[in-house]
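Any value given below was found using the heavy atoms of this structure, including those in side chains, with hydrogens, waters and symmetry copies removed.
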Amino acid sequence: MSESSEPTAIRTVERALRLAHIVATSSSGLTLTAAAREAELALSTTARLLKALELSGFAWRDSSGLYHPGPRMLQAGAIALGHLPVYKIAEPHLRDLADFTGETAYLAVAEGDSHALYLRQVESPRAIRHATWAGRAIPTVGTAVGAALNGRLSEGGYAVSRRTAVEPEAAAAAAPVYDSTGGVVAALSIIGPSFRIGEEDLVSYAKAVAEHAQALSAELGFPGFIR
């Protein structure tokens, strides 16, 4: 490859990856026009890149023309998550938190400096519950999970939030998870409708979240919580 063609190739790969991410995070499929608009690309460029994603199995198009994540994309995501230690061992803690609080429990990781990506969840058993956010990235400003991931904690080692811009009808509690190096690798959280989570409930739930986050950190080898 010549030096002059290398920037073009890099730009093409970057655009394809951007489109793959847009397709992966779409909840109900994307039209070609919507994909082009979100990626800020020309229709012709978008169509060409989506075709490449289709041929490689990273996207598929249904009979109505909507694009969805393909089997290769799902496989890559599943393999990557399977190799993430905190993902593999978090489920019992999430289940216990959902059982104790009656609300939806989440495992989240930082996505850059300003977003949190929800990787795993155990849903609340109640009919009225927090919307499913697994696989979704949210801004962290003002949120409990953002405070937990950034180390802004109360004396009890947790963070709480209520009626934020991201979660206007919700109350949340979160606590950081540390690995063997002492770095924050994730956060556990619970989120539920604000109307049924009083202040005493929220503190009680936050303490439980912090206890499970500490136990999960110990399983990952963080010496501060190994008993």
Side-chain angles (χ1 to χ4, degrees), residues 17-18 20-27 58 69 73-98 101 103-124 130-154 156-161 164-167 170-192 205-206 208-226:
L17 291 173
R18 194 191 327 162
H21 180 264
I22 289 168
V23 172
T25 54
S26 171
S27 60
F58 283 88
M73 185 183 295
L74 299 175
Q75 181 187 39
I79 291 173
L81 287 174
H83 289 311
L84 190 64
V86 69
Y87 180 88
K88 291 191 288 186
I89 62 178
E91 184 176 8
H93 297 283
L94 296 176
R95 196 161 299 284
D96 285 350
L97 285 170
T101 64
E103 306 299 347
T104 300
Y106 287 102
L107 173 71
V109 296
E111 185 179 84
D113 296 329
S114 61
H115 286 72
L117 174 63
Y118 288 96
L119 293 183
R120 193 165 198 167
Q121 71 176 41
V122 173
E123 283 193 344
S124 164
H130 186 257
T132 298
W133 275 11
R136 178 176 173 181
I138 67 159
T140 54
V141 174
T143 64
V145 71
L149 289 170
N150 289 294
R152 299 192 302 272
L153 309 171
S154 70
Y158 56 78
V160 297
S161 64
T164 67
V166 177
E167 304 157 340
V177 177
Y178 304 89
D179 66 7
S180 59
T181 69
V184 176
V185 293
L188 294 181
S189 72
I190 63 95
I191 309 176
Y205 296 169
V209 171
E211 289 175 1
H212 278 278
Q214 291 175 11
L216 182 53
S217 299
E219 292 176 55
L220 292 171
F222 178 57
F225 298 138
I226 295 178

Worksheet item: Do you know which two heavy atoms are closest between A173 and V160, and how far apart they sit?
Response: CB-CG1, 4.1 Å

Worksheet entry | Counterpart residues, ring-ring contact (aromatic ring centres under 6.0 Å, His included), relative to H115 (two or more places apart) | none

Discussion item. Within the 4.5 Å heavy-atom criterion, are Y118 and T104 side-chain neighbours or not?
Written reply: no

Discussion item. R152: which residues meet the salt bridge (charged side-chain N to carboxylate O under 4.0 Å, His left out) condition with it, sequence neighbours left out?
Written reply: none

Fill in: Atom of V122, atom of A98 and distance for their closest heavy-atom approach
CG1-CB, 3.7 Å

Worksheet item: Once you round to the nearest 0.5 Å, how far does CZ of R120 lie from CG of L94?
Response: 7.0 Å

Response to the item:
In terms of heavy-atom contacts, A148 and A159 come closest through N-CB, 4.3 Å

Discussion item. Which heavy atom of A210 sits nearest to which heavy atom of A175, and what is that distance?
Written reply: CA-CB, 3.6 Å

Worksheet item: How far does OG of S124 sit from CD1 of I190, to the nearest 0.5 angstrom?
Response: 10.0 Å

Practice prompt. Calculate, to the nearest 0.5 Å, the distance between atoms OG1 and CD1 belonging to T164 and I138 respectively.
Written response: 7.0 Å

Discussion item. So, taking the atom named CG in L188 and the one named CD in Q214, what distance separates them when rounded to the nearest 0.5 Å?
Written reply: 11.0 Å

Practice prompt. For residues A90 and L216, report the shortest heavy-atom separation together with the two atoms involved.
Written response: CB-CD2, 4.1 Å

Worksheet item: Which of parallel (below 30°), tilted (30 to 60°) and perpendicular (above 60°) describes Y178 and F222?
Response: parallel

Worksheet item: Given side chains that start at C-beta, do those of T101 and Y205 come closer than 4.5 Å, heavy atoms only?
Response: yes

Practice prompt. Could you tell me the separation between the CG atom of L107 and the OH atom of Y87, rounded to the nearest 0.5 Å?
Written response: 8.5 Å

Discussion item. Test side-chain contact (heavy atoms from CB on, under 4.5 Å) on I89 and L220; report intermediate values, then the result.
Written reply: CA-CA 9 Å; I89 62 178; L220 292 171; 3.7 Å; yes

Discussion item. When you measure from the side chain of S161 to the backbone of A144, do you find a donor-acceptor pair of N or O atoms at a distance under 3.5 Å?
Written reply: yes

Worksheet item: Can you tell me how far CD of Q121 sits from OH of Y106, rounded to the nearest 0.5 angstrom?
Response: 4.5 Å

Worksheet entry | Over all atoms of both residues, closest heavy-atom pair of G192 and E103 | CA-OE1, 3.4 Å

